[in-house]
Each structure stands twice: as C-alpha cells, then as structure tokens.
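Comments concern the structure below.
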Amino acid sequence: LEFSVTNPIIYNITRVFYAENNMSSRADFRIDMAYPVDHYPYMFSKLVSVSPRPNSVETDIRGNVHAYWDVGLNPGETFSVNANFHVMLFETDWFDYINISSVEQYLNVGSHVLFTSSGNSINSTNEEIISTANNIIGEEENYYLMAHELYTWETNNIDYDYSLQGKDGVETLMAGEGTCHGYASLYASLARSTGLPTKYVSGKVFSNEGLTEGHAWNEVFIQGIGWLPVDTTWGSTVNDWFAHYDTSHLPLTSLSEWP
C-alpha cells in the first residue's frame, strides 16, 4: 500500500468569466480558462457543461487543460462564459505509508524535468537559496527526507503576512515572511536547488462556507514514489500538509514558473 484515500466529497463548481467593453472602440481579446483535471489519486474531474463552446481546448506540456475563446466586442457589448464541473476529492495520505527505501535516483526523462529550471520568482540558482538549502539538508541524500526537511524548516521559519503580496522566493527568504505565493515560490526554489523537481501549483481553497479564494502550493517529485503535495503556507498556519492532501484544495494549473 502506497497511500490511503478516505472521506470523499463532491463539489459542483462553476467557473465564470464576464467582460464588458466600456471603451469607445472595438476590443478584441482571448479568454484563457483553466479546466480542473484529474490528479490521481486524490482528484477526479468531469466537465458537465460549458456555454458558449470554446474555440479550442488544448493540453499544454505540463498537463494543464486550457479552453480558449476569441472574442470581439463593440462598444457597450458584453460576453460571458459559464463552465460547470463535478469534482470528486479524497483526503489522501502518503506520509504514513512511504517506504523510504523505495526512493530511487532521478532519471533525466519524464515530465518531472519540466519542473527543475530556475526563473524569476523561482530562483534556484540564487546564492542565498543554495546556501540555505544546503544548510537545511546537511549530509542527507535521501530525496524524500530532503523534501521533508525543507518543508519542516520553511513552516518553522517563515511567517505569514498578507501585506507581502507578490514577493518571490528570494524576497520571502530574506524577509522571513510572505503570502502563499512567496511560500510556494520559496519551497520550489529551495527544493530545485537541491535537485528536487518541484511544481508551483495554482488553484483554489474552499472555506467551511463553500467559498473559494486563490491559493498556491507545491508538488515535489520523488523517483520511485511520484508527485507528493506540499503546502508550506498551510503547514505553518493551519495543519500538517506534507505528503498529505485534504479536500480543501482544488488545483487548477501546475507551473514551472509564475508568469
């Protein structure tokens, strides 16, 4: 047994886009809407209806599904999109079932290599990032334990501050505080600097009232185990979220770099 799944819950989700041309001239633009997709073993999604039908639906190299509408509006005209989904989520636990000896050396093939590069918000070649990561993991060579040590350090050393919107991984490290974007960018920066393929996941979280708000977290790839969810924001403010998924999170896109 590699994981357990319990407490399934089904959400009826509607994604809405609305545009109105308040200018004095025609406006031409493209709508890009991310569709929820299956994330085995904790999420399964089904498109129920969409109106109007998109001009195209494409899957990018990272597995994200995007629907596109090419729209032209004259002054005063409006346009709206309604897409309805059924999403089943499971509380999923890997942590209590991981066989550490099953961790393998990384192969240089597979989708995980798309999530190893350094960029602007996820800067894994920054000297402070590299030094901090090396100090955290020390002599540890097991990739799973490395990923957990980075998670533990970040949840214990970075404070949440909503006023620090838009700070990247390096800025969050230097300030010692940030928002979910900063937490996710920092974890991806630290992890990638040690050779761990790491996604930046953008999505929604559900409140007890069923409302949603934007959120960011990570998935880290361990050869021999697969992609494991990691939320250092949640880990530092709510509950433990390493190799554990609860039904509060709805992933929409997996990114190698925040746009």
Side-chain angles (χ1 to χ4, degrees), residues 3 5 8 10-19 28-72 79-90 92 94 106-122 180-181 184-185 187-188 191-192 196-206 212 214-223 225-231 245 247-259:
F3 53 82
V5 291
I10 296 176
Y11 289 104
N12 297 316
I13 296 172
T14 299
R15 303 211 70 194
V16 178
F17 181 93
Y18 175 82
D28 295 293
F29 56 94
R30 166 170 270 204
I31 298 170
D32 175 358
M33 179 182 288
Y35 282 1
V37 298
D38 292 350
H39 284 255
Y40 178 81
Y42 58 84
M43 173 175 156
F44 299 91
S45 178
K46 178 182 179 181
L47 174 64
V48 178
S49 63
V50 58
S51 179
R53 294 183 65 85
N55 294 100
S56 63
V57 178
E58 302 173 11
T59 301
D60 67 22
I61 60 174
R62 295 168 183 83
N64 304 303
V65 175
H66 297 266
Y68 298 99
W69 290 261
D70 295 310
V71 182
F79 183 84
S80 62
V81 173
N82 283 267
N84 299 288
F85 305 86
H86 288 165
V87 175
M88 176 177 283
L89 300 174
F90 294 87
T92 308
W94 290 263
Y106 285 112
L107 304 175
N108 291 322
V109 293
S111 62
H112 63 275
V113 300
L114 298 170
F115 303 95
T116 58
S117 61
S118 182
N120 293 321
S121 65
I122 301 174
C180 62
H181 169 66
S185 298
Y187 186 83
R192 290 184 191 178
L196 293 165
T198 309
K199 295 179 181 178
Y200 177 107
V201 180
S202 177
K204 301 285 186 179
V205 291
F206 299 99
T212 62
H215 189 49
W217 61 98
N218 301 104
E219 289 186 357
V220 60
F221 183 78
I222 308 298
Q223 192 78 45
I225 297 175
W227 289 103
L228 298 177
V230 178
D231 189 339
Y245 177 90
T247 55
S248 63
H249 288 47
L250 174 68
L252 290 175
T253 54
S254 298
L255 308 171
S256 54
E257 170 72 13
W258 181 250

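Just so you know, these numbers come straight off a predicted model, no measurement behind them.
- At a threshold of 4.5 Å between non-hydrogen side-chain atoms, the residues Phe221 and Ser111 do not count as touching.
- Within the 4.5 Å cutoff, no side-chain heavy atoms of Val81 are placed close to those of Arg15.
- Looking at every heavy atom in both residues, Leu250 comes nearest to Val87 through CD1-CG1, 4.0 Å.
- How far OG of Ser49 is from CG of Asn84: 3.5 Å, rounded to the nearest 0.5 Å.
- Annotation: the span from Thr92 atom OG1 to Tyr40 atom OH amounts to 9.5 Å, rounded to 0.5 Å.
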Start with the C-alpha gap between Leu228 and Phe3, add the side-chain angles, then the distance that decides, and say whether side-chain contact (heavy atoms from CB on, under 4.5 Å) holds. CA-CA 11 Å; Leu228 298 177; Phe3 53 82; over 6 Å; no
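- The ring pair (Phe, Tyr, Trp, His ring centres under 6.0 Å) test applied to Phe115 returns Trp227, not counting sequence neighbours.
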Does the side-chain contact (heavy atoms from CB on, under 4.5 Å) test come out yes or no for Val71 and Arg30, once each step is laid out? CA-CA 6 Å; Val71 182; Arg30 166 170 270 204; over 6 Å; no
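- In this structure, OG on Ser254 lies 11.5 Å from OH on Tyr200, to the nearest 0.5 angstrom.
- For Asn120, the CG atom sits in a loose shell: 12 or fewer heavy atoms of surrounding residues, nucleotides or ligands are nearer than 6.0 Å.
- Judged by distance alone, the side chain of Trp69 and the main-chain N or O of Met33 form no donor-acceptor pair under 3.5 Å.
- Arg53 meets the side-chain contact (heavy atoms from CB on, under 4.5 Å) test with no other residue; sequence neighbours excluded.
- With sequence neighbours excluded, no residue satisfies ring pair (Phe, Tyr, Trp, His ring centres under 6.0 Å) with Phe90.
- We find the OH-CD1 distance between Tyr106 and Ile222 to be 4.0 Å, quoted to the nearest 0.5 Å.
- Considering only residues two or more places apart in sequence or on other chains, Phe44 meets the ring pair (Phe, Tyr, Trp, His ring centres under 6.0 Å) condition with none of them.
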Does the pair Leu252 and Ser202 meet the rule for a side-chain contact (heavy atoms from CB on, under 4.5 Å), with working shown? CA-CA 6 Å; Leu252 290 175; Ser202 177; 5.8 Å; no
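- Judged as a side-chain hydrogen bond (donor to acceptor under 3.5 Å, both in side chains), and not counting sequence neighbours, the contacts of Ser248 are Asp246.
- Here the closest heavy-atom approach between residue Val5 and residue Pro41 is recorded as CG1-O, 4.0 Å.
- Considering all non-hydrogen atoms of both residues, Val220 and Val230 come closest at CG1-CG2, 3.7 Å.
- For the pair Val37 and Ser45, the minimum side-chain heavy-atom distance is 4.5 Å or more.
- In this structure, the separation between OH on Tyr68 and CG on Asn55 is 12.0 Å, given to the nearest 0.5 Å.
- Scored by the side-chain hydrogen bond (donor to acceptor under 3.5 Å, both in side chains) test, Ser256 finds Arg62 as partners (sequence neighbours excluded).
- Pairing each heavy atom of Pro54 with each of Ala67, the nearest pair is CB-CB, 4.0 Å.
- Scanning for salt bridge (Lys or Arg N to Asp or Glu O under 4.0 Å) contacts around Asp38 gives an empty result, with sequence neighbours left out.
- Atoms CG and CZ, from Asn82 and Phe17 in turn, are 12.0 Å apart once rounded to the nearest 0.5 Å.
- Contacts of Tyr42 classified as side-chain hydrogen bond (donor to acceptor under 3.5 Å, both in side chains), with partners at least two apart in sequence or in another chain: His39, Glu219.
- Scanning for side-chain contact (heavy atoms from CB on, under 4.5 Å) contacts around Ala188 gives Ile122, Arg192, Thr198, Asn218, with sequence neighbours left out.
- Listed by chain and number, the residues in a ring pair (Phe, Tyr, Trp, His ring centres under 6.0 Å) with His249 are His215, Trp217, Trp234, Trp241 (sequence neighbours excluded).
- Remark: the backbone N or O of Ser118 is not paired with any side-chain donor or acceptor of Glu257 at under 3.5 angstrom.
- Looking at Tyr11, its side chain does come within 3.5 Å of a backbone N or O of Thr247 through a donor-acceptor pair.
- Closest approach of Ala83 to Val50, counting heavy atoms only: CB-CG2, 4.0 Å.
- A search for side-chain contact (heavy atoms from CB on, under 4.5 Å) contacts involving Thr59 returns Val65, not counting sequence neighbours.
- Of all heavy-atom pairs between Leu107 and Gln223, the closest is N-OE1, 3.4 Å.
- Residues that satisfy the side-chain hydrogen bond (donor to acceptor under 3.5 Å, both in side chains) test with His66, not counting sequence neighbours, are Asp32, Asp60.
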